[in-house]
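So the structure is just underneath, and the comments pick up after that.
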Amino acid sequence: RPEWPNLPVGEKPLLHGNHDEAILYANEGNRFAWVANDSYHLKPKGDGATIMISGVSVSCHGWMGLEIIEPKTDGTWKHVNIMANVTKVIDEFEALYPGCQLLLTYDNAPCHVAKRQGALTTATMNVSDGGKQPIIIQTGWYDTTDASTGAAVRVQQQMWYIGPDGTKIAKGALTICKERGLPGVDKMKRNELRALLASQPDFMSVRPEIQEEVERRGHILLFGPKCHPECMSVEMCWSYVKHYCRQHCGHSITSL
């Protein structure tokens, strides 16, 4: 454990942890090999089965929360895995560094920035009501002016209604915009309606689920810039891991 400086009352030592995932392939070995003139070096076709590793590289410590997805040909790390993993990372950190605060950085992958189920989001909205779009449980709001008094009021807006058969029907983006009195929405296409709603204060106030969980535990989470993985220091760690695996490739999941 490092020696912390004398900090002002109320401040905590802040440690940085950079998260990322890496995909490793069973047949991802060296592309070249030394062979005799009369022999051949036959490599297996394709990349083979994959495993996906997720972990956080923490300054002055090393890896935390390392997890490996069970081997399969289409192994992917989903949002539910991310939520379970960040809980594991924070549990490990708080056990090893009590009284310290963790600054986590994640990239902008869709599974990282996903909002909690039922939260305000325009990503799955249709133009019209109903259909296969999921029902948004969280109540929205918008500010308007009372016609009789001229006072500013905040109106709560439900994102669904009860249909004739008693089931919940999700409101479409057009209905939501019209209820808010937003102008010029009748001729807008779906992407335009989604963008307009996404710019509304209530939609903008909803943060990714992982950020809500990290902050609930008293720590900090920041997202790196989109399409710039070179800004994430953990990429260098995974680069070394992949280099090592290529040098020692055994062309099987077991050796990997």
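The structure presented is a predicted model; accordingly, all values stated were derived computationally and were not measured. Numbers for residues simply follow the sequence, beginning at 1.
In terms of hydrophobic clustering, with Ile, Leu, Val, Met, Phe, Trp and Tyr side chains grouped at heavy-atom distances under 4.5 Å, Ile137 and Ile162 are assigned to a common cluster. Hydrophobic clustering (ILVMFWY, side-chain heavy atoms < 4.5 Å, transitive): Trp238 and Ile68 are in one cluster. Clustering ILVMFWY residues whenever any of their side-chain heavy atoms sit less than 4.5 angstrom apart, transitively, puts Met83 in the very cluster that holds Phe223. In the hydrophobic clustering of this structure, Leu103 does not group with Val113; members are Ile, Leu, Val, Met, Phe, Trp, Tyr whose side-chain heavy atoms approach within less than 4.5 Å, directly or through other members. Cluster annotation: Ile53 and Met232 are assigned to the same hydrophobic cluster (Ile/Leu/Val/Met/Phe/Trp/Tyr, side-chain heavy-atom contacts under 4.5 Å, transitive).
Between Ser128 and Leu174, the closest side-chain pair of non-hydrogen atoms is not below 4.5 Å. Within the 4.5 Å cutoff, the side chain of Tyr106 has no heavy atoms near those of the Pro208 side chain. Thr122 has its side chain within reach of Phe203: a pair of non-hydrogen atoms, C-beta onward, lies under 4.5 Å apart. Side chains of Leu96 and Met64 form a contact here, defined as non-hydrogen atoms less than 4.5 Å apart. The shortest distance between side-chain heavy atoms of Cys177 and Leu197 falls below 4.5 Å. Within the 4.5 Å cutoff, the side chain of His16 has no heavy atoms near those of the Val58 side chain. Between Cys100 and Leu14, the closest side-chain pair of non-hydrogen atoms is not below 4.5 Å. Annotation: side chain of His61 is in contact with side chain of Tyr97 (closest heavy-atom distance under 4.5 Å).
Using a 4.0 Å cut-off between a side-chain N of Lys or Arg and a carboxylate O of Asp or Glu, Glu192 and Lys187 do not qualify as a salt bridge. Taking a cutoff of 4.0 Å between a charged side-chain nitrogen and a carboxylate oxygen, Glu213 and Arg216 qualify as a salt bridge. Using a 4.0 Å cut-off between charged nitrogen and carboxylate oxygen, Asp107 and Lys226 do not count as a salt-bridge pair. No salt bridge links Glu212 with Lys115; every basic N to acidic carboxylate O contact stays at or beyond 4.0 Å.
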Worksheet entry | Test side chain to side chain contact (heavy atoms under 4.5 Å, CB included) applied to Val234 and His19, step by step | CA-CA 7 Å; Val234 71; His19 171 273; over 6 Å; no
Worksheet entry | Met159 vs Thr139, side chain to side chain contact (heavy atoms under 4.5 Å, CB included): CA-CA, chis, key distance, verdict | CA-CA 6 Å; Met159 298 296 156; Thr139 302; over 6 Å; no
Item to complete: Give the C-alpha distance, both sets of side-chain angles, the deciding distance and a yes or no for side chain to side chain contact (heavy atoms under 4.5 Å, CB included) between Ile220 and Leu104.
Response: CA-CA 6 Å; Ile220 304 170; Leu104 282 169; over 6 Å; no
Practice prompt. Kindly indicate, with the supporting measurements, whether the criterion side chain to side chain contact (heavy atoms under 4.5 Å, CB included) is fulfilled by Thr121 and Val206.
Written response: CA-CA 8 Å; Thr121 178; Val206 180; over 6 Å; no
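Taking a 6.0 Å sphere around CG of Asn6, one finds it holds 12 or fewer heavy atoms contributed by other residues, nucleotides or ligands. For Gln158, the CD atom is densely surrounded, since the number of other residues' heavy atoms within 6.0 Å is greater than 12.
Taking the six-membered ring for Trp and thresholds of 30 and 60 degrees, His243 and Tyr240 have ring planes inclined between 30 and 60 degrees apart.
The distance between the ring centers of His79 and His112 does not fall below 6.0 angstrom.
Note: Leu193 CG to Ile176 CD1 = 10.0 Å, rounded to the nearest 0.5 Å. Taking CD from Gln138 and CD from Gln157, the interatomic distance works out to 12.0 Å, rounded to the nearest 0.5 Å. Distance check: Tyr161 OH to Lys171 NZ gives 8.5 Å after rounding to the nearest 0.5 Å. Separating the NE2 atom in His219 from the CZ atom in Phe93 is a distance of 6.0 Å, to the nearest 0.5 Å.
Side-chain contact check for Asn18 and Ser57: no donor-acceptor pair (N or O, by modelled atom type) lies under 3.5 Å.
Of the possible polar contacts, one joining the Glu92 side chain to the Gly65 backbone as a donor-acceptor pair under 3.5 Å is found.
A salt bridge (Lys or Arg N to Asp or Glu O under 4.0 Å) check over residues 131-155, counting only residues at least two apart or in different chains, returns the pairs Asp143-Arg154.
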